Enquirer: 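Let me begin by handing over the structure; questions about it come next.
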Amino acid sequence: MTNPSADSATDLHARFPAGKSRFALRITLLSLTGVTTVGATAVFLRILEPHGDHPLHIPLVALFALLLAWVAFGAWTGIVGVAQLLRDDPAASRRATPLGPHMAGPNPPTAVVVPIYHEAPDRVFASVQAMHEDLDAHDGRGPIDFYILSDSTHPDAWAREQLAYTRLLQRLGDDARVYYRRRAKNVHRKAGNLADFCKRFGGRYEFMLVLDADSVVAAPTLLEMIRRMRAQPRLGILQAPPKPVNRGSVFARMQQFAASVYGEVFSTGFSVWTQADGNYFGHNALIRVEPFTRHCGLPVLPGRPPLGGEILSHDFVEAALIRRAGYAVRVDPDLDGSYEECPTSVDDFAKRDQRWCQGNLQHGRIVLAGGLHPISRLHLAMGIMSYLSSPLWGVFLLLGGIAAATGGLGSPSPTPESLPSGAPIVPDWAYGLGLFVFVMGLITAPRALAFALLLRDPNKLAAHGGEAKAAGSVALELALSSLLAPVLMLFHSLFVLTTLAGHNIKWEAQNRDESALTALEAIRTYRWHTVVGLAATAAAYRFAPDLLPWLSPVLLGLVGSAPLAMLLSSARLGRALQERGYLLIPEEHEPPAILVRQNRIAQQNEADTAASDAHPLLRLVATPPALALHAGLTRAHIPPPGAEARLDRVAQIFLHGGADYLKKDDRTALLSSPDTLWALHQRLWNDWEPGELEAATARAPAVAATV
């Protein structure tokens with residue numbers, strides 16, 4: 001590869017300081033965090049001072065300082081992002097710089113890889129088709145191939161994927177550069193899936209764009225990412241922050257709106273202080289294949305799960321390993337056109353977080369590994385703290401309640417006799433109120449500044465519903481997030497405790513449906529949240545009534561967690577808010593072409609699938625192109641042990657009763673034997689009149705009865 005020109009390198013980092021300036025920026029950020037923490041802790045000590053030496057004061061102060069530092073660091077990161085965005089020319093920062101003469105010619109070989117595990121194939125394959133067509137429309141595909149990497153183990157999912165792949169190839173025609181590979185055993189899950197791709201096919205490609213099953217990246221964004229990677233030969237991972245889109249529930253719309261209004265502020269602040277020492281989010285990132293393959297093999301941690309064994313959260317670790325090898329990792333917040341879909345209910349969000357919690361706690365075994373960059377260690381530690389902070393807040397609130405009940409917090413105020421002559425009397429509650437307002441201001445300041453930035457951009461403001469609707473949306477999101485915070489705090493505390501107690505989670509497919517939570521489901525899931533909220537309210541009223549006003553946001557969220565979860569899961573209410581102009585995002589105001597294409601193809605796929613109620617295995621057997629493709633892809637598979645001995649029996653059951661009467665292992669055995677499938681195909685079609693699949697499906701029982 002030709003070395004980039006100085007102009008190109010300068011263009012790439014024009015907005016960010018380097019060397020001593022970068023070090024000074026990080027020191028400044030840490031100093032601001034430290035000063036904020038020390039000042040707030042001093043006020044907290046002043047609140048405790050009138051209560052004398054109470055045994056709980058030391059742990060309370062230690063927890064307060066730690067948690068306040070965590071909040072302050074996030075707040076100052078957002079404020080740094082606001083300052084950077086005020087300096088930037090938005091049009092210039094989002095403009096794709098043309099390729100220079102040193103990078104003339106076609107793009108290097110690039111693969112777009114989509115690992116999937118028991119996903120709905122209609123939408124996954126729609127995203128691949130949309131990206132393929134989008135690249136063709138921009139005349140920029142070149143040597144860019146697509147790989148759908150299946151780890152699905154259920155035979156019905158396997159059959160659906162094969163049918164969807166056949167349909168995709170038929171639509172794309174001879175120019176299709178889409179490949180499907182299914183692993184018989186999903187060793188090491190997603191990380192193992194990507195490692196298998198790199199081992200088998202990685203030598204063909206210089207770059208790979210890693211996506212999730214719900215991800216999509218517009219062609220101009222992908223081409224710009226390739227350009228930036230070419231311009232920086234030591235750039236190992238380039239992360240494009242994904243924007244959540246396409247969801248309708250209130251909970252999903254909250255996440256989409258928050259990411260749209262506040263997300264750029266935080267990602268910009270993060271990018272400014274991390275620069276070449278950034279992080280990897282696991283998807284929507286362009287990766288340099290050779291160093292990733294050579295340096296990012298994940299270790300198997302010593303000991304038993306959950307803290308030992310396979311690493312569940314692989315992305316932070318891979319970023320740390322490639323950084324250790326001397327390659328940069330960057331998050332570029334100006335890369336528009338990177339999208340994902342978020343969980344639509346608090347339940348689904350919590351289930352996903354439980355996996356991440358166990359994976360992030362495993363990073364405690366890695367954070368001190370030799371040779372890691374200090375900022376990589378910080379990323380790993382912050383990932384751990386993102387979950388530990390919840391039980392720490394819980395312990396802080398519990399100790400505060402006990403201290404208040406035992407005279408260590410919240411009662412006496414200064415009197416004229418206890419103060420120097422002429423000193424103003426400041427009641428105890430005033431310090432508490434001031435500290436509460438300060439902490440809340442620290443949490444909300446970046447959001448308020450992000451909203452102020454939104455008001456400066458008339459076009460962006462209109463895309464969020466206009467001034468009044470956008471302000472209402474900010475207030476609504478803040479209110480719902482405040483109520484939801486203690487609910488998630490209890491979830492995360494439970495996840496941390498169960499992980500540390502040795503409970504290992506099962507890796508299940510993520511639910512991507514938009515089904516509302518029923519009353520029974522809400523009561524069953526949130527009964528303990530409600531019990532904890534009621535018990536805490538009663539205890540505070542009985543032993544520390546002075547704390548009730550301060551605890552009311554937490555208690556209200558816990559006591560009302562079940563109806564709150566039901567409300568947030570409602571797509572109907574979400575659509576009503578959208579129709580009235582609340583929680584809008586620009587991608588709804590003026591949908592990008594890639595999302596329009598993706599949704600149109602997905603709806604077409606879903607309609608095609610719904611046109612037949614046949615079992616996917618029967619559809620596969622009855623569809624010659626799909627069966628031929630499946631047979632060609634399956635020749636390399638080794639049938640499960642004992643499969644050949646039972647294939648005749650399995651085939652007879654299939655003919656007499658249909659695929660629904662086959663056990664899971666029998667379906668897998670059938671799908672693993674192309675010869676048996678072809679024999680079944682001939683047997684069935686010899687008895688069928690030529691026609692549509694629906695006719696074949698309707699006649700299947702009659703045909704079976706003649707066997």
Side-chain angles (χ1 to χ4, degrees), residues 66-67 70 115-119 151-153 185-195 210 212-214 255 279-283 296-321 340 342-343 345-369 372 376-395 484-512 525-526 528-529:
L66 175 62
L67 292 168
W70 173 248
I116 61 175
Y117 175 67
H118 293 165
E119 301 287 349
D151 258 358
S152 300
T153 56
K185 295 182 180 179
N186 57 339
V187 179
H188 300 321
R189 303 179 180 87
K190 180 181 176 181
N193 200 352
L194 288 174
V210 178
D212 261 358
D214 57 7
Q255 296 172 79
N279 215 343
Y280 168 41
F281 305 161
H283 56 93
C296 295
L298 295 180
V300 176
L301 299 177
R304 301 176 60 184
L307 296 181
E310 299 175 7
I311 297 173
L312 296 188
S313 294
H314 57 92
D315 39 14
F316 283 27
V317 180
E318 289 161 342
L321 292 175
E340 66 174 344
C342 57
S345 69
V346 182
D347 268 18
D348 292 334
F349 185 87
K351 289 173 184 174
R352 185 187 69 176
D353 259 18
Q354 187 172 16
R355 295 198 303 266
W356 290 359
C357 175
Q358 180 176 326
N360 282 22
L361 291 180
Q362 288 179 308
H363 295 170
R365 311 281 297 276
I366 302 168
V367 69
L368 297 179
L372 297 185
S376 296
R377 298 188 197 278
L378 179 60
H379 292 321
L380 292 168
M382 290 173 66
I384 298 169
M385 187 61 185
S386 64
Y387 289 97
L388 283 183
S389 61
S390 288
L392 291 177
W393 274 116
V395 171
L484 189 58
V487 179
L488 294 177
M489 179 187 74
L490 203 57
F491 268 131
H492 289 169
S493 299
L494 178 64
F495 298 159
V496 170
L497 292 175
T498 54
T499 299
L500 295 179
H503 175 69
N504 187 36
I505 65 165
K506 292 183 179 180
W507 191 273
E508 303 289 350
Q510 186 172 321
N511 178 32
R512 304 189 193 277
T525 303
Y526 297 94
W528 291 114
H529 290 76

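Residue numbers count from 1 along this sequence. Being a predicted model, the structure only gives us computed values, none of them experimental. Basis for what follows: all heavy atoms, side chains included, without hydrogens, waters or symmetry-related copies.
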Enquirer: Checking side chain to side chain contact (heavy atoms under 4.5 Å, CB included) between His314 and each of Gln362, Lys190, His188, which is the one that passes?
Expert: Lys190
Enquirer: Do Tyr280 and Val210 touch side chain to side chain, with heavy atoms closer than 4.5 Å?
Expert: yes
Enquirer: Is Pro299 close to Ile311 at the side-chain level, that is, under 4.5 Å between some pair of heavy atoms?
Expert: yes
Enquirer: Nearest heavy-atom pair of Arg365 and Pro302: which atoms, and what distance?
Expert: NH2-O, 2.7 Å
Enquirer: Side chains of Trp528 and Leu490, heavy atoms from C-beta outward: is any pair under 4.5 Å?
Expert: no
Enquirer: Kindly compute the distance separating CD (Gln354) from CD1 (Ile505), expressed to the nearest 0.5 Å.
Expert: 5.5 Å
Enquirer: Name the residue from Leu368, Val367, Asn279 that meets the side chain to side chain contact (heavy atoms under 4.5 Å, CB included) definition with Leu380.
Expert: Val367
Enquirer: Which atom names give the shortest non-hydrogen contact between Tyr387 and Trp356, and what distance separates them?
Expert: OH-CB, 3.2 Å
Enquirer: Locate the shortest heavy-atom distance separating Leu321 from Cys296; write the atom from each residue and the value.
Expert: CD1-CA, 4.0 Å
Enquirer: Is any side-chain heavy atom of Pro343 closer than 4.5 Å to one of Lys351?
Expert: no
Enquirer: Do Asn193 and Asn186 come close enough that some side-chain heavy atom pair is under 4.5 Å?
Expert: no
Enquirer: Is the ring pair Tyr526/His529 parallel, tilted or perpendicular, if the boundaries are 30 and 60 degrees?
Expert: tilted
Enquirer: Minimum heavy-atom separation for Pro115 to Leu194, with atom names?
Expert: CG-CD2, 3.9 Å
Enquirer: Any heavy-atom pair between the side chains of Asp353 and Phe491 that's under 4.5 Å?
Expert: no
Enquirer: Heavy atoms only: give me the nearest Ser389-Leu67 pair and the separation to one decimal.
Expert: O-CD2, 3.9 Å
Enquirer: Supply the atom-to-atom distance Thr499 OG1 to Leu307 CG, rounded to the nearest 0.5 angstrom.
Expert: 7.0 Å
Enquirer: So how far is it from Leu301 CG to Ile366 CD1, rounded to the nearest 0.5 Å?
Expert: 5.0 Å
Enquirer: Which residues pass the side-chain contact (heavy atoms from CB on, under 4.5 Å) test with Ser152, sequence neighbours left out?
Expert: His118, Ser150, Ala157, Glu161
Enquirer: Supply the atom-to-atom distance Leu312 CG to Asn360 CG, rounded to the nearest 0.5 angstrom.
Expert: 9.5 Å
Enquirer: Restricting to pairs with a member in residues 301-316, which pass salt bridge (Lys or Arg N to Asp or Glu O under 4.0 Å), not counting sequence neighbours?
Expert: Arg189-Glu310
Enquirer: Do Arg355 side-chain atoms and Ser313 backbone N/O form a donor-acceptor pair below 3.5 Å?
Expert: no
Enquirer: Within this structure, what is the CG-CD1 distance for the pair Leu361 and Ile384, rounded to the nearest 0.5 Å?
Expert: 7.0 Å
Enquirer: List the atom of Trp70, the atom of Met385, and the distance in Å for their closest heavy-atom pair.
Expert: CE3-CG, 3.4 Å
